[in-house]
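Chain identifiers are assigned alphabetically (A, B, ...) following the order of the sequence lines, protein sequences preceding nucleic acid strands; residue numbering begins at 1 within each chain. As a basis for the values below, the full set of heavy atoms in this structure was taken, side chains included, without hydrogen atoms, waters or symmetry mates. Everything quoted here is computed from the prediction, not taken from an experiment.
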There are 2 protein chains.
Amino acid sequence: MILKSQVEWALHCCAILAGLPEGRYLSTKALAELHGLPKEYLSKALQSLSQASLVETTLGPSGGYRLAKPPSDINFLEIVEAVEGKARSFTCTNIRANNPCRPEGYCDSKPCAVARIMWEADEAWRDTLRRVRLSDLVGTLSEEVPSDIWRSTFEWVLKRAG
Amino acid sequence: MILKSQVEWALHCCAILAGLPEGRYLSTKALAELHGLPKEYLSKALQSLSQASLVETTLGPSGGYRLAKPPSDINFLEIVEAVEGKARSFTCTNIRANNPCRPEGYCDSKPCAVARIMWEADEAWRDTLRRVRLSDLVGTLSEEVPSDIWRSTFEWVLKRAG
DNA sequence: GGAATTAAGGATATATCATATCCGAAAACG
DNA sequence: CGTTTTCGGATATGATATATCCTTAATTCC
């Protein structure tokens, strides 16, 4: 049960977008080069963010992506689900229904007890991600990343944004 | 990020094994037929449980599997990790290291902030599973499954155990 | 002792999905 | 108009889940 690498990419890209000056866009090319990622494939992750209305886009030179909402209004779960999908990690195939001792046409009142427990764990995972805002990540990063690296990184990407 | 179907199979099989009379074994064949599963492939899941020392095995006719510990000493996480592995769902490829603005030889003191959050969510998932014992599942099942179906199911599998 | 049964594990085949690249269309900008 | 960009479709490739088959060794029963 491994998350797509696009999840990691999307989170890091959102962190950069969150630090952009008001109104500026950042292209796929700039984000790919900054992180050392394949541009064409990263583009798919960014498209997912766009479809989830987490980022806005504009075309043409100096176009690209920017956040559609303030970083405090975006949580980790939104980003993760945008690229990974909203499907639960455990799917119940209802194998109890194959039990030959069950009478014909017997109908269960509740979902399978095993599935309920697995779904509860899945919810705990999602709850944790829901509680972390993108602004929290940016706060942590600006504390931990040396300020000169942090600053020159944004100068670097903005130079590429024209 | 989907769990293997073997996880579902293993959990249901453990629930049945937990209800067996003391000292009895149940074969792969019986467990596969009870749940309508491919015998050869289910065998791989049971082998995983065996390698994790969750079940004991014996060969020959009337051989098969039984729990190695009382159901109250086995939790969901043990079963899930036995077949799914212990690897975290999020793997950090440290793409921040590709940032061209980082000085040569710069070394991060902490693991990536993104990874720390994703791992925290992963721990929340594991914690939930760790807190549920196999005996809890059996308790729920014996409450919810009509007693005649519950009883005839064990008669059915025990007949197949010789 | 011999036949049947069983778990264990290796080898292999198939299907699904993640990863990755390429291309054409439409939009924005100078 | 020419360049740059997002977007979506098409396609290729690699890894992994799913599934089956076969051999070996251990155990039980006759």
Novice: Whole angstroms only, please: what is the CZ-P distance between A:R24 and D:dT5?
Specialist: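 Those two atoms, CZ and P, are 13 Å apart.
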Novice: Quick one: ring pair (Phe, Tyr, Trp, His ring centres under 6.0 Å) partners of A:W156, sequence neighbours excluded?
Specialist: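 For A:W156, no residue satisfies ring pair (Phe, Tyr, Trp, His ring centres under 6.0 Å) once neighbours in sequence are set aside.
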Novice: Which residues pass the salt bridge (Lys or Arg N to Asp or Glu O under 4.0 Å) test with B:E84, not counting sequence neighbours?
Specialist: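 Result, salt bridge (Lys or Arg N to Asp or Glu O under 4.0 Å) vs B:E84: none returned.
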Novice: Grab the OH-P distance between B:Y25 and D:dA26 for me, whole Å please.
Specialist: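 Rounded to whole Å, this separation is 16 Å.
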Novice: Could you write nucleotides 5-12 of chain C as a row of B, S and -, 5' to 3', where a protein heavy atom under 4.0 Å of any base atom gives B, of only sugar-phosphate atoms gives S, and otherwise -?
Specialist: BBBBBB--
Novice: If you look only at distance, which donor and acceptor atoms sit under 3.5 Å apart when one is on a side chain in residues 120-129 of chain B and the other is two or more places apart or in another chain?
Specialist:
{"from": "B:D122", "atom 1": "OD1", "to": "B:S89", "atom 2": "N", "distance (Å)": "3.0"}
{"from": "B:D122", "atom 1": "OD1", "to": "B:S89", "atom 2": "OG", "distance (Å)": "2.7"}
{"from": "B:D122", "atom 1": "OD1", "to": "B:R126", "atom 2": "NH1", "distance (Å)": "3.3"}
{"from": "B:D122", "atom 1": "OD2", "to": "B:R126", "atom 2": "NH1", "distance (Å)": "2.1"}
{"from": "B:E123", "atom 1": "OE1", "to": "B:R130", "atom 2": "NH2", "distance (Å)": "3.0"}
{"from": "B:R126", "atom 1": "NE", "to": "B:E81", "atom 2": "OE2", "distance (Å)": "3.0"}
{"from": "B:R126", "atom 1": "NH2", "to": "B:K86", "atom 2": "O", "distance (Å)": "3.4"}
{"from": "B:R126", "atom 1": "NH2", "to": "B:A87", "atom 2": "O", "distance (Å)": "3.2"}
{"from": "B:D127", "atom 1": "OD1", "to": "B:R130", "atom 2": "NH2", "distance (Å)": "3.0"}
{"from": "B:T128", "atom 1": "OG1", "to": "B:A124", "atom 2": "O", "distance (Å)": "3.0"}

Novice: Over how many whole Å does the gap from A:L42 atom CG to C:dC22 atom C1' extend?
Specialist: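 After rounding, the gap between these two atoms is 16 Å.
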Novice: Rounded to whole angstrom units, what separation is found between the CG atom of A:L37 and the C1' atom of C:dT21?
Specialist: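 Checked: the CG to C1' distance equals 15 Å.
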Novice: How long is the gap from CZ on B:R96 to CG on B:N94, to the nearest 0.5 Å?
Specialist: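 One gets 5.0 Å once the value is rounded to the nearest 0.5 Å.
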Novice: Please collect all salt bridge (charged side-chain N to carboxylate O under 4.0 Å, His left out) contacts where either partner lies in residues 47-60 of chain B, sequence neighbours excluded, each pair once.
Specialist: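 Sorted pair list: B:E56-B:R66.
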Novice: Can you list every side chain to side chain donor-acceptor pair (under 3.5 Å) pair that touches residues 9-23 of chain B, not counting sequence neighbours?
Specialist: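 Residue pairs with at least one partner in residues 9-23 of chain B: there are none.
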Novice: Which pairs with one or both residues in residues 1-12 of chain A pass salt bridge (charged side-chain N to carboxylate O under 4.0 Å, His left out), sequence neighbours excluded?
Specialist: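 Listed once each, the pairs would be none.
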Novice: For nucleotides 15-18 of chain D, list the nitrogen or oxygen atoms of the protein found under 3.5 Å from its nitrogen or oxygen atoms, one pair per line.
Specialist:
{"from": "D:dT18", "atom 1": "OP1", "to": "B:S5", "atom 2": "N", "distance (Å)": "3.2"}
{"from": "D:dT18", "atom 1": "OP1", "to": "B:S5", "atom 2": "OG", "distance (Å)": "3.1"}

Novice: Name each donor-acceptor pair under 3.5 Å that joins a side chain in residues 37-48 of chain B to protein atoms two or more places apart or in another chain, with its distance.
Specialist:
{"from": "B:S43", "atom 1": "OG", "to": "B:Q47", "atom 2": "NE2", "distance (Å)": "3.1"}
{"from": "B:S48", "atom 1": "OG", "to": "B:K44", "atom 2": "O", "distance (Å)": "3.1"}

